[in-house]
Structures are given as C-alpha cells and as structure tokens.
Amino acid sequence: MENIYLPKLAEIKEIIQETADTKTIRLTIDGGSIDFLPGQFGEFSFIGEGESTFGFSSSPLRKEYFEFSFRSSGRATTGINSLNQGDKIAFRGPYGNYFDTSKMKGKDLVFVGGGIGMAPVKSIMEYCLDERDDYGKITILYGARSVGDLLYKGIFDEWKKYKNTEVIITVDPGGETPDWTGKVGFVPTILEQLPLKGENSVAIVCGPPIMIKFALKSLEEKMGFDKSDIITTLENRMKCGLGKCGRCNVGSVYVCKDGPVFTAKELESLPNDF
Amino acid sequence: MEEKYFEISAENLKKFVDSIIADNFEVIAPTDKDGDTFYGKISRFEEANLDILLPKMSYKEYLLPKTETLLEYSFSGVDTEIKDGLEAVAGANEKRVIFGGRPCDAGAGPIMEKVFNWDYKDEFFNERFKNLTIVSIACEKPDNYCFCTEMQLSPESSYGSDILLKKAEGKYFAVVTSEKGLNLIEPYINLFKETAKAQVPADKDWKKLFEIERTKSFLDKNFEHNYFQDRFLSCIGCGVCTYTCPTCHCFDIQDEGNLKEGRRIRNWDSCQFGVFTLHTSGHNPRVTQGDRYRQRLMHKFKIYSEKFDKYLCVGCGRCSRNCPEDIDIKEVAKDLADMA
Ligand SMILES: Cc1cc2nc3c(=O)[nH]c(=O)nc-3n(C[C@H](O)[C@H](O)[C@H](O)COP(=O)(O)OP(=O)(O)OC[C@H]3O[C@@H](n4cnc5c(N)ncnc54)[C@H](O)[C@@H]3O)c2cc1C
Ligand code: SF4
Ligand code: SF4
Ligand code: FES
C-alpha cells in the first residue's frame with residue numbers, strides 16, 4: 001500500500017540568494033537529480049511548516065541536482081527560506097504535464113519570462129540549450145520590476161554563449177539603476193520591438209497574468225503566432241497535486257493533472273475561472 | 001454477486017444488531033445526541049433512531065475523517081524522522097458496520113471512491129471504504145428537500161449498500177447485494193429466512209420533479225450567467241453546505257506541531273471560502289459567492305459527470321436543510337433545468 005502523500009527527503013546542495021526575497025535551491029536525492037520534465041512541478045516543504053507548490057527551474061539533463069526558485073511569501077515559504085545547505089527538504093512529485101519538446105524541435109524558439117515566472121521558463125530553456133543543435137534561433141526575453149528583482153543574474157552570460165541565441169533582459173520603467181545596460185520597458189512592450197515571426201516558431205510565456213495577457217496578444221496579433229504555438233502555464237492554488245483535493249480546477253480542467261502547461265488555444269476554450 | 005433476499009422480523013432485527021455488537025462489531029447508527037440526531041457508535045439496538053429521516057451530518061467522516069494524519073514527523077538533531085500515516089489506517093473499519101443509514105448516504109461512498117482512485121490511488125480512503133459494511137433502510141417518506149430520485153437513486157435504491165432493509169407490515173425484507181453483506185449475516189442466519197425476489201415489495205413509482213441532464217446542459221452552455229450572481233447574493237459563505245454534504249470531498253493539507261514533533265494532516269475544506277483559491281499574489285479566480293456557488297454546482301452536476309458517470313450529489317438535501325440562508329439546491333437545480 002502506497003501513501004501518495006508521503007514525501008521523500010532531499011538534501012540541500014546549494015542555495016543561491018537571487019534577490020532580497022527569492023532564492024534558488026538545488027537539491028539531491030540519492031546524490032543526484034530525479035526524473036522529471038520541464039514544466040512539471042512538485043510539492044516542497046520544510047516539514048512542520050506545510051507544503052508549497054513550485055515548478056522545477058533546472059534542466060532535467062543536468063543530472064547532478066534538481067532545482068527550484070521561490071519567493072518568500074507565507075508560512076511554508078518562510079520555513080524553506082530559513083534552511084541552510086545540508087538541511088533536508090521534503091519533496092513529492094513530479095506532477096502534471098510538461099512542455100512537449102517534440103513539437104518544438106527544428107523551430108525557432110522565443111522564451112518570455114516575467115518575475116518569478118522565469119523559473120519554469122529557465123527549465124525548458126536550459127533543456128533546449130543543452131540540446132542546442134535540435135532547435136533554430138533562440139530568443140530569450142526576461143524582465144523584472146527592477147534590477148534588484150532580477151533572478152539568475154549570475155548566469156545570463158552563460159546563456160549568451162550558445163550559438164544563434166539572443167538574450168534580452170529588461171526592467172520596468174523606473175526600475176533601472178544608473179549602471180544598468182539592459183533594456184528599460186515592460187516585457188510586452190520590449191517583446192513587440194523584437195523582429196519575431198510566428199511561422200515555424202514556438203513561444204513559451206510565463207509570468208504574472210497581466211504580462212501573459214499582453215504578451216499573448218502581441219504574439220498572436222502583431223507577430224502572427226498560431227495559438228497552438230504559444231505555450232504558457234497556469235498557477236492555480238494547489239494542495240494535493242494529485243487531482244483529489246478539488247482546489248485547482250478551471251472548469252472541467254484540473255490544472256494539477258491536465259496542466260500546468262497549456263497552449264493559448266487551450267486556454268481560449270476554458271471558462272474565466274483562473 | 002447476485003442479489004439474495006431474506007425476511008427478518010422486527011424482533012430478530014434487534015437480536016441481529018445486539019448480536020453483532022456482542023461479537024465486537026462497531027455499529028454506527030443514527031443516534032440522538034445534544035438534541036439532534038447524528039451517526040454515532042451504539043452499544044444497544046435501542047440507541048439507534050430509525051425513525052429519523054436523516055441524521056444532521058452524513059457518515060462521510062468514516063470514509064474521509066474531518067482530520068486525518070497523513071504522516072507524523074519528529075526531529076532529532078539534524079535528522080528528520082517521517083512515519084507513514086497509512087500504517088495506522090491499515091485494516092481500519094474491518095469490524096465497522098453502518099446501520100440504519102439511508103440510500104442517499106450509501107450512494108455517496110461509490111461516488112467519492114472514483115475521485116480517490118482515478119490515476120493516483122488514495123489508500124487512506126480505500127482502506128476505510130473497502131472494509132465498511134453498510135446496512136441501509138429504505139425511506140418511506142422523503143421530505144421536501146430530498147431529491148434522490150432526480151439524482152439517479154431512489155428512496156428504495158440499494159446502490160452502495162451491502163444490505164438494504166425494506167420495512168413492510170411490521171417486518172423487514174433484506175436485499176443483500178454483496179459478499180460483505182452476506183458474510184455479515186452468515187453467523188446469524190437463523191434469524192433470517194431466505195425468500196424470493198417476488199416476495200419483496202416492489203419499489204414505488206417515485207416521481208421526478210425535473211431532469212438532472214437538463215441542469216447539466218444549462219451548465220454546459222452557461223458559465224457566465226446573471227443567475228449565479230443574483231441567486232447567491234444572500235449566501236454568507238459559511239461552508240455548511242459542503243461540510244454536511246456526503247459527497248463533498250475537497251480538503252486542505254496543513255502541518256501542526258512543535259519544534260520536536262508533529263503531524264501533517266488533511267482537513268475538510270470548502271469551495272465556499274474565499275481563501276480556497278486565493279493565489280499568493282493576491283489574485284483570486286473566484287471573487288464573489290456567486291462564483292463560488294457556481295463552482296459547487298459545476299462540480300456536482302457537470303465536471304464530475306464528465307469525468308466519471310453519475311453526479312457528485314445524491315440528493316440528500318442536507319445542504320439545503322442546513323443552509324442558514326435557506327438556499328435550496330433542489331430548487332436551484334430545477335431552475336437551471338427550466339432555463340436549459
Ligand atoms: C504549478 C505552480 C507552480 C508554482 N511555481 C512557483 C515557483 O516556481 N516559485 C514560486 O515562488 N512560487 C511558485 N508558485 C506559487 C507558490 O506555490 C506559492 O507562492 C507558495 O505555495 C506560497 O506558500 P506559502 O505557504 O509560503 O504561502 P501561504 O502561507 O499560503 O501564503 C501566501 C500568501 O497568501 C496569504 N494568505 C495565506 N493564507 C491566507 C488567508 N487565510 N487569508 C488571507 N491571506 C492569506 C499570505 O499572507 C501570503 O501573502 C507556484 C504555484 C503553482 C500552482
Ligand atoms: S450553507 Fe448556504 S450560506 Fe452557507 S455557504 Fe452554503 S449556500 Fe452559502
Ligand atoms: S449537494 Fe446537497 S443534496 Fe447533494 S449530496 Fe450534497 S448535501 Fe446532499
Ligand atoms: S491540486 Fe488538488 S486537485 Fe489539483
């Protein structure tokens with residue numbers, strides 16, 4: 001008899017303080033990563049403070065660890081925030097569907113991330129970079145409210161090293177510092193300025209709902225992306241991740257089971273319940 | 001198993017119940033407490049209240065306890081010890097009998113069972129459900145809140161019962177539908193007299209007020225409709241409808257304990273609470289009580305039936321009987337059917 005709610009203990013291998021309130025935590029189970037696919041999520045906890053739902057932020061092809069990035073916001077996340085290297089995190093997963101790379105192979109890819117929404121984008125993006133030859137041109141657009149709110153600052157240069165790969169980092173107007181050399185402007189505004197075309201391309205967009213709304217509009221209406229070539233994730237509140245607790249549904253769709261990855265076309269057919 | 005039919009006198013039924021109690025069965029029956037009637041453990045047949053139509057609460061808590069321990073934890077130094085909560089549940093209910101419940105409550109178990117077993121298997125539920133033996137009594141006089149007939153059951157339905165008792169002329173007929181039911185009466189079989197199906201009084205011709213399929217077809221087409229916002233303006237979001245419901249199964253998971261030890265529990269939760277779907281960002285997909293009661297209706301009459309067969313409602317009427325704002329789900333379902 002298996003207890004589907006029973007977590008495994010993972011060891012914290014490394015903690016990266018990304019911003020004042022976000023961290024990336026690298027974990028190992030039995031000395032390495034676990035089997036998962038980009039876009040999937042897990043339930044993570046400092047036992048005693050409750051579980052939290054996070055997407056994976058690392059490429060599953062990097063086998064030394066698996067990783068998530070989180071913002072401290074409530075009880076469970078404050079608990080995780082207090083942990084140190086070598087401490088244990090309880091983990092169960094992976095759950096949910098994933099970004100289907102078979103539909104992305106051979107195409108130009110556009111990755112658009114806003115704020116903490118960059119975490120799941122990073123996973124699929126690095127997965128594609130790890131198999132760089134399988135894809136056409138790769139454009140990465142990542143924005144945050146201010147320079148201080150940008151995650152992954154230490155690895156932007158690493159992304160830029162790949163061939164035929166453009167990395168554009170932007171901050172909201174007013175969020176720049178005097179020495180800021182990246183773009184200034186909201187993600188959808190900067191997106192519109194890029195010379196992107198919908199044909200033979202796939203766009204992956206994650207971030208706050210308002211950003212997603214405008215980015216989807218630009219991609220569809222201005223750049224001619226087909227709705228089924230625009231892929232995003234929903235982040236409905238979850239508890240079980242197993243299709244039981246009844247919390248995450250949008251109409252008849254259970255985000256924890258049928259999602260969290262959806263195409264813009266699929267979202268269109270859902271009721272306004274997210 | 002093919003159904004079997006027995007006759008049993010009122011006197012022998014009392015003997016049967018007292019005998020199984022004497023033989024260490026835990027018998028849960030409608031019983032009076034604090035001026036109301038609830039399902040609870042009885043120690044003699046007389047403690048069962050078989051006249052009440054429905055106890056205040058269903059016996060959902062014997063399948064899905066209000067609070068269930070999923071795991072226990074303790075810390076010693078840097079080590080975390082986790083104890084599987086399932087160990088304590090293994091073999092639960094093995095000698096537990098629900099006696100004198102109604103067909104609607106019996107119908108709820110198999111309906112919930114589907115939720116707990118599509119894809120991932122929830123063995124907490126399964127372990128409790130598979131061992132419970134259910135002996136129900138057919139209803140003679142449903143009240144105005146009841147609508148089991150509309151919900152594909154009936155006041156005399158044996159669906160979900162291991163044994164259904166039907167009262168007739170001072171005695172009872174027992175319709176035994178499962179091995180579990182047969183095993184329960186086997187040791188006391190001299191109290192029963194086997195009979196033919198033809199001897200069991202036929203079910204009455206229970207009339208339906210509306211067709212639930214029409215309620216569904218309204219919901220299929222109308223997510224945005226003023227009806228939801230207008231009709232549920234008076235709803236205060238107390239969640240009583242979901243707590244008293246035998247099929248509502250949504251739950252929350254929380255940790256409770258101190259710095260040394262504690263447990264991870266799941267608790268009944270309610271889609272009628274605003275925080276149920278509140279995102280960390282402050283965004284909430286369901287803002288009004290109209291949005292939330294619509295979710296309740298959608299889940300019961302559309303979403304569940306698309307995934308599985310049947311509906312996530314047995315028509316017991318508890319949510320209506322207990323609602324402080326007198327929101328009657330039968331009336332609502334009928335309104336929707338009329339508008340379809
Ligand atoms: C599929 C998916 C993927 C996700 N991926 C990520 C990710 O990669 N990174 C990330 O950072 N987040 C992610 N999230 C969001 C993340 O799950 C939540 O931010 C996190 O669970 C919050 O946990 P918490 O227990 O610390 O917060 P909680 O304690 O639940 O509190 C969160 C906020 O809600 C408020 N709140 C809580 N309870 C109440 C109440 N009863 N009444 C009023 N307000 C209340 C708190 O004050 C706080 O501001 C994801 C979510 C989903 C569904
Ligand atoms: S019992 Fe009535 S008032 Fe309370 S949440 Fe349910 S419908 Fe609303
Ligand atoms: S929704 Fe109401 S009538 Fe239907 S099973 Fe639940 S409590 Fe009974
Ligand atoms: S998170 Fe529990 S049903 Fe989806």
Side-chain angles (χ1 to χ4, degrees), chain A residues 1-9 11 43 45-53 70-77 79 84 86-90 95 115-116 208-210 234-257 270-274, chain B residues 70-71 73-75 78-80 82 84-87 89-90 115-127 223-224 248-262 264 266 269 271 275-281 283-286 291 294-295 298-299 302-304 306-307:
Chain A
M1 245 191 334
E2 193 203 341
N3 177 351
I4 52 176
Y5 305 97
L6 201 66
K8 285 200 169 92
L9 289 177
E11 187 175 323
E43 293 295 331
S45 73
F46 169 19
I47 288 197
E49 300 296 341
E51 292 181 313
S52 266
T53 314
F70 73 104
R71 168 170 288 133
S72 264
S73 47
R75 181 178 166 205
T77 46
N84 298 309
D87 286 346
K88 299 285 195 300
I89 280 187
Y95 299 131
I116 190 84
I210 187 83
L234 288 184
E235 298 204 339
N236 281 36
R237 198 158 179 96
M238 294 180 182
K239 282 286 171 176
C240 68
L242 304 161
K244 315 265 179 241
C245 76
R247 189 172 308 261
C248 67
N249 71 298
V250 178
S252 302
V253 160
Y254 278 72
V255 178
C256 70
K257 292 278 302 136
L270 294 182
N272 182 21
D273 199 17
F274 56 92
Chain B
L70 300 176
L71 60 87
Y73 58 84
S74 58
F75 305 112
V78 289
D79 288 328
T80 310
I82 297 178
D84 188 345
L86 206 48
E87 286 166 24
V89 179
V115 175
F116 286 106
N117 284 285
W118 72 295
D119 205 340
Y120 298 97
K121 311 252 172 293
D122 187 311
E123 302 294 357
F124 288 91
F125 179 90
N126 289 346
E127 200 58 21
F223 186 82
E224 311 282 355
C248 277
H249 57 267
C250 293
F251 58 83
D252 187 18
I253 300 177
Q254 292 289 339
D255 288 1
E256 65 172 25
N258 55 36
L259 291 174
K260 275 166 79 180
E261 60 188 9
R264 176 161 294 164
R266 73 159 156 210
D269 205 344
C271 60
V275 293
F276 190 67
T277 49
L278 180 68
H279 291 204
T280 305
S281 63
H283 171 68
N284 196 342
R286 300 188 195 124
D291 296 344
R294 175 182 59 198
Q295 158 66 17
M298 288 282 175
H299 195 186
K302 171 177 159 66
I303 299 170
Y304 179 94
E306 281 170 5
K307 264 196 160 49

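A, B, ... follow the sequence lines: proteins, then strands. Residue 1 opens every chain. These numbers were taken from a predicted model, which means no experiment stands behind them. All heavy atoms count here, side chains included; hydrogens, waters and symmetry mates do not.
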| request: For the pair A/Glu235 and B/His283, evaluate side chain to side chain contact (heavy atoms under 4.5 Å, CB included) and give the outcome as yes or no after the intermediate values. | output: CA-CA 11 Å; A/Glu235 298 204 339; B/His283 171 68; over 6 Å; no
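- Ring orientation note: the planes of A/Tyr5 and B/Phe124 are tilted relative to one another, at an angle of 30° to 60°.
- Residue B/Leu259 does not touch chain A at all, counting heavy-atom pairs closer than 4.5 Å.
- The minimum heavy-atom distance linking A/Pro7 with B/Leu71 is given by the pair CD-CD2, 3.3 Å.
- Within 6.0 Å of CD on A/Glu2 lie no more than 12 heavy atoms contributed by other residues, nucleotides or ligands.
- With a 4.5 angstrom heavy-atom cutoff, B/Lys307 touches chain A only via side-chain atoms.
- Of the atoms belonging to B/Phe125, not a single heavy atom falls under 4.5 Å from chain A.
- Proximity to chain B (any heavy atom under 4.5 Å) is shown, for A/Ile47, by both the backbone and the side chain.
- Ranked by heavy-atom pairs shorter than 4.5 Å toward chain A, the options B/Val89, B/Thr277, B/Leu86, B/Asn258 are led by B/Leu86.
- Contact annotation for A/Asp87: neither backbone nor side-chain heavy atoms come within less than 4.5 Å of a heavy atom of chain B.
- For the atom pair CG (A/Asp273) and CE (B/Met298), the distance works out to 8.5 Å, reported to the nearest 0.5 Å.
- Note: A/Asn249 CG to B/Cys271 SG = 9.0 Å, rounded to the nearest 0.5 Å.
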| request: Go through the steps to decide whether A/Asn3 and B/Glu123 satisfy the test side chain to side chain contact (heavy atoms under 4.5 Å, CB included), and finish with yes or no. | output: CA-CA 7 Å; A/Asn3 177 351; B/Glu123 302 294 357; over 6 Å; no
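- Of all the heavy atoms in B/Cys250 and A/Gly246, the pair that sits closest is SG-CA, 3.6 Å.
- Between the side chain of A/Lys244 and the backbone N or O of B/Tyr120 there is at least one donor-acceptor pair closer than 3.5 Å.
- Interface residue B/Leu70: backbone and side-chain heavy atoms are both found under 4.5 Å from chain A.
- Neither the backbone nor the side chain of A/Cys248 has a heavy atom closer than 4.5 Å to any heavy atom of chain B.
- If you check the side chains of B/Arg264 and A/Ser45, you find a donor sitting under 3.5 Å from an acceptor.
- Annotation: the span from B/Ile82 atom CD1 to A/Leu9 atom CG amounts to 4.0 Å, rounded to 0.5 Å.
- For the atom pair CD of A/Glu49 and CD of B/Gln254, the computed distance is 10.5 Å after rounding to the nearest 0.5 Å.
- Judged by the 6.0 Å distance and 45° axis criteria, A/Arg237 is not positioned over the aromatic ring of B/Phe276.
- If you measure heavy-atom distances from B/Asp79 to chain A, you find no contacts under 4.5 Å at all.
- Salt bridge status for B/Asp269 with A/Arg247: present, with a side-chain N to carboxylate O gap under 4.0 Å.
- B/Phe223 touches chain A through its side chain: at least one heavy atom from C-beta onward sits under 4.5 Å away, while N, CA, C and O do not.
- B/Glu261 does not touch chain A: none of its heavy atoms, backbone or side chain, sits under 4.5 Å away.
- Using a 4.5 Å cut-off between heavy atoms, B/Ile253 contacts chain A through both its backbone and its side chain.
- Other residues, nucleotides and ligands contribute over 12 non-hydrogen atoms within 6.0 Å of the NZ atom of B/Lys121.
- B/Thr280 touches chain A through backbone and side chain together, each having a heavy atom under 4.5 Å away.
- Ring pair B/Trp118/A/Tyr254 is perpendicular by interplanar angle, where above 60° counts as perpendicular and below 30° as parallel.
- In this structure, chain B has no heavy atom under 4.5 Å from any part of A/Arg71.
- B/Ile303 approaches A/Gly251 most closely through the heavy-atom pair CD1-O, 3.1 Å.
- Heavy atoms of B/Gln295 lying under 4.5 Å from chain A belong exclusively to its side chain.
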